[in-house]
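Heads up, the thing below is written out as structure tokens.
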Amino acid sequence: MDWLTFIRIGHVIGTVLGVGATTFAEIFYLKFSKDGEINPLEHDVLKIFYQIIRLGLVILVFSGFGYLILWRLNFLGPQVFFSDRFMAKITVIVVLLTAAFAINFRLINLKVGSAITFVSWYMALILGVWRKSPLSYPVIILSYLVLIVITYFVLEFFRNRISSKPK
Amino acid sequence: MTLLLLNALVWHILLGTIALVAIASLSLLLRGEVLNIKWLKIYSFVGFLAFLGSWISGGYYYATYYGKAVKPIILATSTPWIHTILMETKEHIFLFLPFLSFVALIIVNLFPKEIESNGKLKQSLILLSFLIVTLGIVITLAGISISGSVTKKF
């Protein structure tokens, strides 16, 4: 197996773990919140999802640097490094890392943090797959911000619906 | 580029990333009321060693190759500031990151009980690790820009 294939597999695994665990963490959090509290067992289940998200992030970062090393050694230059898609992806990953820190140290509201995390993982997935994206950096980032706001309200809607249901 | 220089560049990047992950993990571990001292020691040790390794390999690459082979290429592009500003900044921040991580290593190893009981010390250690991670991310982004400016055309 060549390095590119190895790195690509790692990048896909990291993204799959991150996107999958984020999605299920959100679904289970909503389900567990039905009775208004998270019991120790439910807390443990959520904790596993958060650990998988962290693992996915670490794999994603290392495999991402693997790509960078290959690009650098093959002199791919500004066309690849400074492409709108790549710069947007780097921005999303930096936001994702910052949000993860901010959530852990309770520097931002958990609901805002979970909307940022949720959208960031999907954005990283989309930017990774959509290799011939014609969108410019500002358009991608603006869409990203709009999606975060929309996701915040969608998640809030589901949280309110679940908590207003009779127990 | 010789095989030795190629390895120096690759290990500089990999060890730098390992150091960042280790110090970020250290700061996350410091959140709790009850601290896992064993893992704090492991992360601070790995963080320091990896920064040191990245320092040596990056330093070797910089001193023997970058100046004569890469710098002229970047200066000839339409974005010479990537060397004059980003690389110069990276180079200076990079110099003291192993020392900052060494301070974290010393605190964790010499005062493990005090970190738990002394809130101010714990807060300072969290801030120190935040500083290391933030500076690490800044110079990583600078490194990506520098790598991105190198082409075969010149």
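Letters A, B, ... are given to chains in the order of the sequence lines, protein chains preceding strands, and every chain is numbered from 1. Just so it is clear, the model here is predicted, and its values are computed rather than measured.
- For a residue to count as touching a neighbouring chain, one of its non-hydrogen atoms must lie under 4.5 Å from one of that chain's; by this rule B:Leu20 does not touch chain A.
- Minimum interatomic distance between B:Leu14 and A:Phe62 (heavy atoms only, all atoms of both residues): O-CE2, 4.2 Å.
- Counting non-hydrogen atoms of neighbouring residues, nucleotides and ligands closer than 6.0 angstrom, the CZ atom of B:Phe45 reaches no more than 12 such neighbours.
- Interface remark: B:Val10 contributes backbone and side-chain atoms alike to the contact with chain A (heavy atom separation under 4.5 Å).
- With contacts defined as side-chain heavy-atom distances shorter than 4.5 Å, the pair B:Leu141/A:Val94 qualifies.
- Taking OG of B:Ser147 as the reference point, atom CG of A:Leu76 lies at 11.0 Å (rounded to 0.5 Å).
- In the hydrophobic cluster analysis, where Ile, Leu, Val, Met, Phe, Trp and Tyr join through side-chain heavy atoms closer than 4.5 angstrom, B:Tyr65 is grouped apart from B:Leu75.
- Residue-environment remark: CZ (A:Phe82) exceeds the threshold of 12 foreign heavy atoms within 6.0 Å.
- Counting heavy atoms of neighbouring residues, nucleotides and ligands inside a 6.0 Å radius, atom CZ of A:Phe158 does not exceed 12 of them.
- Within 6.0 Å of CH2 on B:Trp11 lie no more than 12 heavy atoms contributed by other residues, nucleotides or ligands.
- Annotation: side chain of B:Leu9 is in contact with side chain of A:Leu73 (closest heavy-atom distance under 4.5 Å).
- Scanning all heavy atoms of the two residues, the minimum distance from B:Ile144 to A:Phe81 falls at O-CD2, 3.6 Å.
- Interatomic distance, CZ of A:Arg54 versus CG of B:Leu28, reported as 6.0 Å (0.5 Å rounding).
- Residue A:Val80: no heavy atom, backbone or side chain, is found under 4.5 Å from chain B.
- Between the CD1 atom in B:Ile126 and the CZ atom in A:Phe105 there is a gap of 5.0 Å [rounded to 0.5 Å].
- Using a 4.5 Å cut-off between heavy atoms, B:Ile74 makes no contact with chain A at all.
- In this structure, A:Phe49 is not a member of the same hydrophobic cluster as A:Leu155, with clusters built from ILVMFWY side-chain heavy atoms closer than 4.5 Å.
- With a 4.5 angstrom heavy-atom cutoff, A:Leu57 does not touch chain B via any of its atoms.
- Highest contact tally toward chain B, considering only A:Arg72, A:Arg106, A:Met87, is held by A:Arg72 [criterion: heavy-atom pairs under 4.5 Å].
- Both B:Leu110 and B:Trp39 belong to a single network of hydrophobic side chains, linked directly or stepwise wherever heavy atoms of I, L, V, M, F, W or Y lie under 4.5 Å apart.
- Tracing side-chain contacts under 4.5 Å through hydrophobic residues (I, L, V, M, F, W, Y), one never reaches A:Tyr137 starting from A:Leu142; they form parts of separate clusters.
- A continuous path of hydrophobic side-chain contacts links B:Leu49 to B:Ile132 [ILVMFWY only; heavy atoms under 4.5 Å].
- Residue B:Thr134 does not touch chain A at all, counting heavy-atom pairs closer than 4.5 Å.
- Interface remark: B:Ser145 contributes backbone and side-chain atoms alike to the contact with chain A (heavy atom separation under 4.5 Å).
- Each of A:Val58, A:Val61, A:Leu68 was checked for a side chain to side chain contact (heavy atoms under 4.5 Å, CB included) with B:Thr17, and the lone residue meeting it is A:Val61.
- Ring geometry, B:Phe130 versus A:Phe101: the interplanar angle falls from 30° to 60°, so the pair is classed tilted.
- With a 6.0 Å radius and a threshold of 12 heavy atoms from other residues, nucleotides or ligands, A:Phe6 has its CZ atom at or below the threshold.
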